[in-house]
Each structure stands twice: as structure tokens, then as C-alpha cells.
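Naming: A, B, ... by sequence-line order, numbering from 1 per chain. Any value given below was found using the heavy atoms of this structure, including those in side chains, with hydrogens, waters and symmetry copies removed.
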Amino acid sequence: MKAFTYERVRSPAEAAAAARKPGAKFIAGGTNLLDLMKLQIETPRHLIDVNGLALDKIDKTPDGGLRIGALVRNTDLAADKRVRRDYAVLSRALLAGASGQLRNKATTAGNLLQRTRCPYFYDTNMPCNKRMPGAGCSAIGGFTRSHAVLGTSEACIATHPSDMAVAMRALGAEVETVKPDGAVRTIPIADFHRLPGATPHLETALAPGELITAVTLPKPIGGVHIYQKVRDRASYAFALVSVAAIVQRDGSGRVAVGGVAHKPWRVEAAEAQLRRGAKPTADLLLSGAKTTPDNAYKLTLVERTLGAVLAQARA
Amino acid sequence: MKFDTPATTNPIDQLKIIGKSTDRIDGPHKTSGLATYAYEHHDVAPSPVYGFVIGAAIAKGRITSMDTSKALAAPGVLAIVTAANAGKLGKGRFNTAKLLGGPEIEHYHQAIAVVVAETFEQARAAASLVKVDYARAQGRFDLAQAKPGATRPKDSADAVVGDFATAFAAAPVQLDETYVTPDQSHAMMEPHASIAIWNGDKLTLWTSNQMIAWSVGDVAQTLGIPKANVRLVSPFIGGGFGGKLFVRADAILAALGARAARRPVKLALTRPLIFNNTTHRPATIQRIRLGATKEGKLTAIGHGTWSGDLEGGGPEDAVQQTRLLYAGANRLMTTRLAVLDLPEGNAMRAPGEAPGLMALEVAMDELAEKLGIDPVALRILNDTQVDPEKPERPFSQRQLIQCLRTGADRFGWAKRRAPAQTRDGRWLVGVGVAAAFRNNLTMTSAARVRLDKDGVVTVETDMTDIGTGSYTIIAQTAAEMMGVPLSQVSVKLGDSSFPVSSGSGGQWGGNSSTAGVYAACVKLREAVAQKLGFDPSLAKFADSQVSAGGRSLPLAQAAGKAGLTAEDKMEYGDLAKTHQQSTFGAHFVEVGVDAATGEIRVRRMLAVCAAGRILNPKSARSQVIGAMTMGVGGALMEELVVDKRLGFFVNHDLAGYEVPVHADIPHQEVIFLDETDPMSSPMKAKGVGELGICGVAAAVANAVHNATGVRVRHYPVTLDKLLDRLPRVA
């Protein structure tokens, strides 16, 4: 860990001002950031503790949706009655992630900002374009069983590890932010996470110092909500593949997939095939996939998991 | 005392305390935080300084330059020790690679420096300022590639009986398959940790170590100081599994750091360092050839195993159990070792047998399928009561058949169906069986016992308790021998100033260390009897009284003010030569395989063990269920993944190296068959801590086959290896 300064802020405006300091970074639950700081993968010079901002409420929006404060803890979000009733896929995704202790600490915004669990990213002896742009990617050609098969680049094949974000993507959530100059904006979840391209160190659409204040969910759309997470170990493991699905009575629906890309993966055109079954849907969803011998199984796994999810939705 | 004739009746046979389910006497200390682990001896080092180990960033090559100037100037830094300034260091008898590397690098994360600073954070921060340049050398990292060049280790003769080649070729039913087991990590909860304090030229290390006397020797040899100047203290150990049999970098670098900084140094290896810096269970490639008659009698058993290690290292002897488990007139067992530049391989819970049975017991399942014989029946049919290589040598006790029959009965084995026939909702359900086998080793072990004026018996031995329950069985032994309640016994362990014990390893600790306490207690009984004027051969020790011939006196009276002390050790004669001592068991497992995703979840487990007298059924059961859990890990998830380009274990943290969590482990049942083994020691006990893991992974893999019809011969059995062969998703 490198030495850093620390301050608590009380308002988004204060946070925005503090964010102008060089090397500043926000900290909320710290469940990922502190680990990365200990390994010197993250080396902020200034930490801005945003836990004092009153962003821990879940409110109704005027159009019948929910506005989830950035600091709402994963445990509280998963347990919220409205979430359980109207956005069950989100509740299930949250509960499939991490452990009880971590969920008690981890926040909604922080969950979106988790960094990849690529083992080469975590080992600072290994070249990594995320840690050191231009250094090269040591995962490519190495052990890639957990790596991405979609939207990869020559610079990076890491996945985004969040379960919550996959459900958010299926739900069509939006991310509300405030920039250091006070400007607010709303970023659709589809545009929030970036593909690695040539700049895998840039993971989200956030500008420097931009603070997430809330995530909004649109009006409930009904349907059967399923989150199926596939992993070697029954609990406390990142997804090899996960499927978030909302399936309507007529068989139409939405599907987002986790564990396959640098962001939650959703292809609206593929969803048009849902009534025809898993295979045609998966064919479109996975088109353009690029696999390694280690991770080629993910294509089969996505299709089969989707098949199980659709069968469950019908039942 | 020498144990060279079979045990007859002795005070242990009273079974007033021995053999009773007994809570750990150290339990309250552990649950209240009073049990001090290596990093927690705040009393001896109230204001220590901290060491942080730097591991090599390459797998093989040389350090071309190391610049420590920035780090030395960093806040709080007191010293940096590297191979360049450590002085001449030796290498321990039990170490293959140097514990402080440089300029030559032998493996990834080999320690190359320790930074000592006032706080842990300062040491860690400064460590990142040490600039190291390397010249990489070509390394050998791929066992499959190195296999053709593997050679026979010098002390590992091929085991040849009869004419294997001819018998195998002639066998009406043949099986010839190759199995792969991966490198595995001990992944114990407590990291390797030490506190080092020098007093002049005398070193004391509070450390986490299974084998105190071995390690005193290796610390002395490495540092080039007399053994008499080294004291090791290791009263509580948070898991070892073989990973703490030897001195590791934490101890040596704490000692060097403390010498350089002239302060007590506290040092723990960080979790990401442990996987590549310390030892691991080596991967194996195993070829098994079985020839059988149509009735299922084995006529030819061939087992070849290949593993790799650093130059000068040893093999994973995965054929050990195959030499003894089944009858068969023609046999060929070979062990080959390749040179690899991966981190150092060494013992992990049931070395040899654990990976060996992962292969052999799947092969037996495959043979049963070929023969159309029930897998339990096939094993029973091929039982042997004598060493198949030396038929004049019987087993001291061998209840494998009883284990299999009892288990089959209890588990409901008869309901087993053909592969891929049982469905429970989304789950494909299957059951599997495997035999468990682990040799029983006896080790010389000494103890000192003292009786004080209050009738309290204190036992001192350098035996360790690695979570196994040594404290409790030693207390039970002393209580039984001296005729006092458990509450009147105090046990002190893990200090090299105590008599040298067997230590904890190879599942020898339970029987051997208590036998040593038995020997010391026999001596103390004689002294007590003499003091009180009894004939030692007639004196009865019970209820804190000594009695004979109608006369009875309090035990405490013999102690007097000064107390009474006796010390002895148990040594072993030739019984192990005339009789094969082994432990046996049978594992039964039911799994569910998700029909769509291929995820494998264990639903039910049963172990039946025959392992001599069970000294404390409660802690023995705890050992076995822990081992079964570890076996599930080996079956389904544990693999140190080798990056064959860069030569290191990639998944070097507990997020990447998965071990089972609670959600993975279902109901576990353990049955101990009634057994006493008079050939093992006066305790008539054997080990169970390693028996419990032996065969578990094969039973799981066999259950997966029974559930799905898919045979996986490459551990761990993960969903990606099944997926293409599962039924279509509806």
C-alpha cells in the first residue's frame, strides 16, 4: 500500500471538489479497493470517503421505478421488499455474489465499479494493460478458463466480475452521476461499462472525478425473474457464466449474460429469438465469440444454461 | 522402552478415558482466543518489528541487479536482508530450493529479500521500492513434456512380481488408462508465520511447524549455528497438512531480519506468496493397466507414475497403495521423476496414496464396469490378507472387506443403478465407492511426565497439535495410565526444550506420540510405586489412588514437595518388518450433476474406517470429515494451474485456488470399525487423519460417472470436462 491522504465528505459538492485533488479516488465499502491497494494495483494518493453522503435510500421514481442510492448496501438492496417483488432478478443476482459479510459492506455503486478478477491482473509481476497501459497482456496465451469470449481485444480478455450488474443490464437500469463541475447526467447501463479495446484500463464511461449518486430502475415489467449463476464451487466464487433473464408469459423476454465479457452482455436482437428457444438465441447472443482452448466451453455453457433458464421460466 | 513384541493387556485397555468421545481440552483456549498462534505471542515480543518477504518475479534465471537504496531510505525501514548481505547460508536437510534465493532463482516467488521495518505497512510499502532486474533462463514447466525424460529416483526400485507383461497380454479383460492429478496446495488457514528473537548467539523462534526436532536441525544447518543455540516454540498450529513439516522462508527470514535489525521480528507469508513460495503436492500422470479373469480376479496389476520436482527433489510416490491394496500374481509398479523448474514439491496429506488412489480407484471402477461386476464386489474379490510382494508378511489387521460391506449396507449401495439412469429434478444423480488405504507409520517419540504434590500430572513433549487433537489424546493417555481424571492432567506441547516426539505428519502422530507418553507413564508408575512401597507389577492406579494388597495411598503422596518426574521414549523393533501395518476404509459418495450446466454437488458422504483403536472418537471423526472435505476439494476444484510459458502457479490466492465452502459439503457420516492393532504400539492405535482423504476423490469421480455416464480421468472433475457429453437440455 502506498501512503495516501484521507478525507470524509458530507455532500456531493464537497465530494466533487475533493475529486479534483491529484490521484484522488472515492471509497465506499472498500471491499475491492482496499485489497487492490494492499497489492499496489490501485495506488490512490487521496481517498475520499463518501459514506457520509446521504445516498443510502431506495425511493420510488415519478414514473413508477426505483431510485437506488449509490451507497445502498448489497444486503439491503437484495432484501428490499419492492426489489424482491418487482425486480427479483436483481435480488437473486446480489445474493448469488460474494458472502454475507461482503454484501453487508459493499455498495451499489461500488459493485458496478469492481475490477476484474483476472489472476494476471492481480499479480503485479505480470504484464497487464489494465495496470500498466501498453505493458502487454500476460493472460492471452496463458490460463484463461475464466476469461472473456465476447468483445475481447488484443489488449485484454478480462471479464467483469459483478453479478448485480448483469441483472441491472437485463432490467435496463440507468446510472446517475455528478461531475466535479457539478454537472449531472444519466448513463444507460448498456453504455456504462466499456469494452477493453486498446484501452482496457478505462473500464467505465465515468469521467475523472465523476461520482455515481444513484442507479435507477425503470417501471417494473413483470415476468418471471431468474438469475442462474454457474460455478465450480457452490458459494463464494465468481461466475464461470451467469444468466439473468426476465421471461414473459408469451415467451418473450430479456437476457443478459455474465462471465463472458468485459461488461454484462446483452444483445437485444438475440432476445427476439427467445420464443424459438435457447439455441437460436444463443447463436445470436454469442455471435462473434472468440475463444481459447481453456474457455471455449463457455459457449456451450451459455446455451445450456439459457436452455435451463427458459425451461424454468415455462414451468 | 522398546516395542518389539505384540502388545498384551496394559492399563490403556481399561478404556476409562481412552476411547471415549472427549471434547478438546484446548477448545476453550481456542474459542476464547487464548490459544497463541505463531503471530500472536505478544507476551514474548510486545513491540516487535515486521518482516515482509519479497518473492522472485521470475521462475528461473538470475538477478542481474538489485537496488535497495530507496527502500532503505523509506520510513521505518531498519534492515533489508538479501543473499548478498545475509552471510553464508546452508540448506536444510528437508529443503530442495534455498529459502533465500539469489542471485540464482530456482522458482517463482522464491524469497529474495526480507524488508524489516517498524510496522508491517512500512515494510510492505518499502518492499515495493526494491528494484530488481532479472535475466530469465529457459525453464521446464510442463510435466507432460518432461515425462519422456523422467528417470527412476535413486531410492525407488521398481516393484516387480511375476511376469506382468505376459499376464497382462493374456488377460481376458484388460484396462489400460492414463489419469492426471494436478498440483495442489495445502491452503491451511494459518499462514506460515514466525517471530524471531536473538539473545546473543541464541535464537528462539515462535513458529508454526509440525516437526519441531527436524526443524531445529534445519534452522541450525541453514543459519550455520549449533542446534543447541536454536529453540523452536510452536504450541498451536492453524493447520499444516504437510505444508509445515519443514522450515520455510518465514522462519529463516525472520531470524535473519532479527539479526540484522537487532530487534524481535514478526513475519508472516502473505497469502499470494504461499502457493509458489512454499511446498505443494506435485501433479502426477499415472498409467494403470489391470488384467483380470472374466470372473474378476486380477492377474496383472501395472501402475506407473510420473511427477516432477526441482533438481534434487523427490517424486510423488503414487504407486505405494497399489503395491499393497489388491491381490494379483503379476505386478509392475514404477515411479519416475522429471526435473521441473516449478516451486518445490513435497508432502501433502497422504502423499503418494491420495493421488495414487485418485487414479487406482477410478481404474477399479472402470474395470468393474467392463466386467459387469459390482464395484464393491470386485474389490472384495481381490482382497489380500498378506503383502502381495512378500506373501510371508501378513497385514497386522486388515478389515477392508468389512469396511466395504458395512458401508454398502449403511449407504444403501444395493439401490445403485446403471450409469445415467437416476434423475431428481434438475439433477442427474449417481453414487460411487472407493477403497481407502494408508500405511501406518510408527516413529520414535519421547515424553516427560511430572507428578506434583496436588496430584496433577504434567506431560511435556515437543509433539505438535496441528488441529488434530493431540493435546486431548495425550491428556487421555496420561489420565488413563496414572489413574487420574482428565482435569488433573496438564499437557505442554510444541517446544524444543521438551523431549523429542514423533511430531505430526504421515498420520503417525496420534499413535506414536501417545505411545511415547505411555512409556514415560510406565516409568512414572514404577517410581510412584517404589516411593509408596508397592510392588510396581501389582500396583493399581485409579481414582487418584494407588493400591495393592488391600492397601491404598493417594497418588499425590508419592510426589512429595519436590514432585516426581519420569522421562522415556518409545522405540520400535521389527514388527513393521514382519507385519504390514496399514489403515483401511471405504468411501461412499452420492453426487448430483446439474443436467444443464454440469455443476457437480456432493449430496451424501459416508466413510467407514478400520484404523486400530480410536483414542478419541470425537476428534478422530473430526479428522475424517475434514479429510473427506479436502477429498471433495481434490475431486472437484483444487488445482494449482501451471502457466507453462512463465513457470508459476497462476491462481495463487484463495479466490483463484478454490477449496470447498460449507455449501459444498453435505451430511457426512463416519463409522469406525471396532479394531485394536497389537502390532502398532501399546496404544493399539493407528492413524486416521490421512486415511480420511484417501479414495474420496475417486469415489466422487466414480459417482459422477454413475450419474452421467461420463468418465473423467483428469482431475479436478469440473463441468467443462462433462459438458459436451451431457444429455440435451430440454
Side-chain angles (χ1 to χ4, degrees), chain A residues 1-3 35 38-40 43 98-99 117-120 122-127 138-146 161 228-238 240-243 277-279 293-312 314-315, chain B residues 55-58 74-75 108-109 121-122 124-125 127-128 132 270 272 276 426 594-602 633 636-639 641-646 648-665 716-724 726 728-730:
Chain A
M1 195 176 281
K2 289 232 162 126
D35 286 351
K38 289 174 188 170
L39 295 166
Q40 293 204 8
T43 52
S99 65
R117 297 290 167 159
C118 171
Y120 296 91
Y122 265 81
D123 188 332
T124 49
N125 289 325
M126 300 296 149
S138 44
I140 294 174
F143 170 53
T144 56
R145 182 171 181 262
S146 62
Q228 187 161 349
K229 179 174 181 177
V230 183
R231 44 187 162 177
D232 297 316
R233 175 159 82 176
S235 175
Y236 204 46
F238 293 96
L240 297 170
V241 151
S242 69
V243 173
K279 176 144 182 34
D294 284 354
N295 68 17
Y297 75 94
K298 287 195 175 187
L299 304 187
T300 317
L301 187 56
V302 167
E303 184 190 323
R304 294 182 67 95
T305 308
L306 183 58
V309 164
L310 295 180
Q312 191 190 332
R314 281 195 303 270
Chain B
I58 62 165
Y108 189 71
H109 272 172
E121 288 75 14
Q122 287 172 331
R124 182 174 60 185
S128 71
V132 189
T270 60
N276 285 279
R426 58 187 263 228
D594 187 300
T597 64
E599 287 164 290
I600 304 160
R601 303 288 182 251
V602 176
L636 299 180
M637 58 192 87
E638 290 186 43
E639 175 179 17
V641 179
V642 180
D643 185 313
K644 297 184 181 101
R645 310 160 303 167
L646 302 169
F648 76 117
F649 299 132
V650 183
N651 48 340
H652 55 71
D653 59 34
L654 288 175
Y657 186 85
E658 291 184 9
V659 297
V661 294
H662 284 282
D664 291 295
I665 301 302
V717 183
T718 47
L719 60 90
D720 44 321
K721 296 168 187 169
L722 300 176
L723 221 45
D724 288 337
L726 291 179
R728 278 192 49 194
V729 180

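Taking each heavy atom of D720(B) and R145(A) in turn, the nearest pair found is OD1-NH2, 2.9 Å. Of all the heavy atoms in T597(B) and Q228(A), the pair that sits closest is CG2-NE2, 3.5 Å. Nearest heavy-atom pair, R231(A) versus R601(B), reported as atom, atom and distance to 0.1 Å: O-NH2, 3.0 Å. Here the shortest heavy-atom pairing between G307(A) and V729(B) reads C-CG1, 3.7 Å. Nearest approach of Y297(A) to L723(B), heavy atoms of both residues: O-CD2, 3.7 Å. A pairwise comparison of heavy atoms in H109(B) and N125(A) identifies NE2-ND2, 3.7 Å as the closest pair.
Annotation: side-chain contact (heavy atoms from CB on, under 4.5 Å) contacts of I58(B) (sequence neighbours excluded): I105(B), Y134(B), R136(B).
To the nearest 0.5 Å, atom CZ of residue F649(B) and atom CZ of residue F143(A) are 13.0 Å apart.
Contact tally against chain A (heavy-atom pairs below 4.5 Å) for H652(B), K721(B), K644(B): the top residue is H652(B). Between chain B and the residues N295(A), L301(A), D294(A), T305(A), the largest count of heavy-atom pairs under 4.5 Å involves L301(A). Top candidate by heavy-atom pairs under 4.5 Å with chain A, chosen from E599(B), E121(B), R426(B), is E599(B). The residue among G141(A), A3(A), A237(A), S138(A) with the most heavy atom pairs within less than 4.5 Å of chain B is G141(A). Your options are L39(A), D123(A), V241(A), and the one with the most heavy-atom pairs under 4.5 Å with chain B is D123(A). Per-residue heavy-atom pair counts under 4.5 Å with chain A were compared for T718(B), D594(B), L646(B), V641(B), and the maximum is reached by V641(B).
Interface residue L654(B): only backbone heavy atoms are found under 4.5 Å from chain A. Of the atoms belonging to L240(A), it is side-chain heavy atoms, and not backbone ones, that fall under 4.5 Å from chain B. Contact of K38(A) with chain B is made through backbone and side chain together, with heavy-atom distances under 4.5 Å.
Under the 3.5 Å distance criterion, the side-chain polar atoms of R304(A) are matched with a main-chain donor or acceptor of A595(B).
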Donor-acceptor pairs under 3.5 Å, side chain of residues 658-665 of chain B to any protein atom, not counting sequence neighbours: which ones?
{"from": "D664(B)", "atom 1": "OD1", "to": "A234(A)", "atom 2": "N", "distance (Å)": "2.8"}
{"from": "D664(B)", "atom 1": "OD2", "to": "V661(B)", "atom 2": "N", "distance (Å)": "3.0"}

